[in-house]
Structures are given as structure tokens and as C-alpha cells.
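What's counted below: heavy atoms across the whole structure, side chains too, no hydrogens, waters or symmetry copies. Computed from a predicted structure; not experimentally measured.
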Amino acid sequence: MSCNQLVKQKHQTKLGRNTILTITGIVVLCSVGGYYIVNSMIPVNATSPVFGAPANFYVKSIPTQHGPIFALSSTKGGKNSFTPSQKPIVSVSRGELISFHMINQDNQKHNLNMNEFNVHTKDLSYFESQSITFIADKTGEFTFHCTLHPEMSGTFIVK
Ligand SMILES: [Cu+2]
């Protein structure tokens, strides 16, 4: 084997090792990334991922003269403005994929819960937000509320 060939062979081996390392790195990154993406697509009241765009509801907790309330906005039906109301009402169809995006705009902590659909945010601090996706898998009238302020509530209707 000539010196030239030896150098060439050594060079190829080195390249090969780097290529393997790069591929391993990409595979690991994709697996970890994929795991989180697929995991984030599992509704909180389901066990397998759901592909599709959810109906988005934006919930703000805001202070009022009469205490904190939930204010609601949705992308459903082209509406997209917050309507302050003591008791907001959300109406959806059975089987719909729903995302609640909650942001706390009050300087005390608030959360949002709806036990029937396993919807529970953590206690959110000032301007902290959390999104929860679930399937409206049963019909009826349900209440979502803040456990820290039982008077803070809204109605969730599934038809
Ligand atoms: Cu609250």
C-alpha cells in the first residue's frame, strides 16, 4: 500500500466516524423532539394523540369591582374579541377537539378546572399562561371554575 493510499484510507475512516456521530445525533434529537411533539398532541382526557386543529378558546382571568372573573374569546364562528361577563358560556359540539388557552391578567393567582374533562391548569401567576387540549367527549352542561375563587366560573355546553 502506498503512502498516498494509506492517507486516503485514514481520511475515509475519520469521515465515517464523524458521519456516524452526526447521524446518531440527528436520530436522538428527532426522537426526543418527536416524543414531545406527539406527547403534546395527546388531549388530557385521551390516551392517544389527536391530529387536527382544535377549536381555540382564550380565557383571561381579570379583576373587576365585584372580584375576579373569567373573560372569554374564541376563534369559533369568526368571533375574536373578549367579552367580559360574570358567567361566560362556551358552546361546542360533541367530539370536538378543544383548546383552552388561559392567561392570568390579575395580580393574584388563578387556575382553571373542569373535572369532567380532566382539565386542570396549575395556579398561574401574573401574566403566566397555560394551554390545555381535550376532547368534548360527552354531552351536557359543565362548569369550569377556579379552585382558589369558587365564585369565578363559566359554563361549558356540549351538544
Ligand atoms: Cu381565581
Side-chain angles (χ1 to χ4, degrees), residues 20-159:
I20 288 166
L21 276 177
T22 307
I23 290 171
T24 309
I26 290 170
V27 167
V28 168
L29 277 179
C30 288
S31 309
V32 172
Y35 174 80
Y36 281 107
I37 289 168
V38 169
N39 241 10
S40 73
M41 292 171 105
I42 302 177
V44 292
N45 61 342
T47 50
S48 52
V50 173
F51 301 93
N56 294 298
F57 293 92
Y58 301 92
V59 187
K60 296 196 288 194
S61 45
I62 53 172
T64 72
Q65 283 183 325
H66 313 287
I69 61 166
F70 287 126
L72 209 99
S73 170
S74 100
T75 53
K76 259 182 86 106
K79 284 181 286 178
N80 203 1
S81 60
F82 283 95
T83 316
S85 147
Q86 284 311 122
K87 301 284 171 201
I89 297 172
V90 176
S91 195
V92 305
S93 306
R94 189 181 171 183
E96 262 192 284
L97 186 65
I98 309 295
S99 275
F100 269 25
H101 308 280
M102 156 116 175
I103 182 161
N104 180 15
Q105 295 189 358
D106 189 11
N107 57 17
Q108 56 182 327
K109 289 193 173 185
H110 294 290
N111 58 39
L112 187 148
N113 298 272
M114 192 157 53
N115 304 340
E116 294 87 347
F117 299 95
N118 195 29
V119 170
H120 303 284
T121 70
K122 57 179 184 171
D123 294 346
L124 299 169
S125 304
Y126 188 50
F127 268 91
E128 204 178 352
S129 65
Q130 189 178 349
S131 295
I132 297 201
T133 301
F134 63 99
I135 302 171
D137 57 2
K138 39 183 149 314
T139 54
E141 237 182 89
F142 310 91
T143 301
F144 55 91
H145 68 284
C146 172
T147 57
L148 306 171
H149 310 92
E151 72 278 13
M152 267 180 97
S153 69
T155 305
F156 184 71
I157 300 170
V158 185
K159 284 176 188 155

Is there a side-chain contact between [X] and [Y] (heavy atoms, below 4.5 Å)?
| X | Y | result |
| --- | --- | --- |
| Ile62 | Asp106 | no |
| Val44 | Phe100 | no |
| Lys60 | Ile103 | yes |

Mind checking the [atom1]-[atom2] spacing from [X] to [Y]? Nearest 0.5 Å is all I need.
| X | Y | atom1 | atom2 | result |
| --- | --- | --- | --- | --- |
| His101 | Gln130 | NE2 | CD | 11.5 Å |
| Ile98 | Phe156 | CD1 | CZ | 5.0 Å |
| Met102 | Cys146 | CE | SG | 6.5 Å |
| Asn45 | Asn115 | CG | CG | 12.5 Å |
| Asn56 | Leu97 | CG | CG | 9.0 Å |

Please report the shortest heavy-atom distance between [X] and [Y], naming the atom on each side.
| X | Y | value |
| --- | --- | --- |
| Ala136 | Ser93 | CB-O, 4.0 Å |
| Asn104 | Ser61 | OD1-OG, 2.9 Å |
| Val59 | Leu112 | CG1-CD1, 3.8 Å |
| Lys122 | Glu128 | NZ-OE2, 2.7 Å |
| Ile132 | His120 | CD1-O, 3.1 Å |
| Ser48 | Pro43 | O-CD, 3.6 Å |

Return yes when atom OH of Tyr36 has more than 12 non-hydrogen atoms of other residues, nucleotides or ligands closer than 6.0 Å, and no otherwise.
no

Does a sphere of radius 6.0 Å around CZ in Phe127 hold more than 12 heavy atoms from other residues, nucleotides or ligands, not counting ones at 6.0 Å or beyond?
yes

Determine whether the side chains of Asn113 and His145 contain a donor N or O and an acceptor N or O closer than 3.5 Å.
no

Distance alone, cut at 3.5 Å: any donor-acceptor contact between the side chains of Asn111 and Thr147?
yes

For the aromatic rings, using the six-membered ring if either is Trp, is the centroid distance between Phe144 and Phe57 under 6.0 Å?
no

Please step through side-chain contact (heavy atoms from CB on, under 4.5 Å) for the pair Val90 and Phe70, ending with a clear verdict.
CA-CA 12 Å; Val90 176; Phe70 287 126; over 6 Å; no

Could you walk me through whether Phe142 and Val158 pass the side-chain contact (heavy atoms from CB on, under 4.5 Å) check?
CA-CA 8 Å; Phe142 310 91; Val158 185; 3.9 Å; yes

I would like to know whether Ser125 and Lys109 meet side-chain contact (heavy atoms from CB on, under 4.5 Å); could you show each step before the answer?
CA-CA 5 Å; Ser125 304; Lys109 289 193 173 185; 3.3 Å; yes

The side chain to side chain donor-acceptor pair (under 3.5 Å) partners of Gln105 (sequence neighbours excluded) come to none

Test His66 against Glu151 for side-chain contact (heavy atoms from CB on, under 4.5 Å), laying out the working first.
CA-CA 10 Å; His66 313 287; Glu151 72 278 13; over 6 Å; no

Once you measure the plane-to-plane angle for His110 and His149, does it fall in the parallel (<30°), tilted (30-60°) or perpendicular (>60°) bin?
tilted

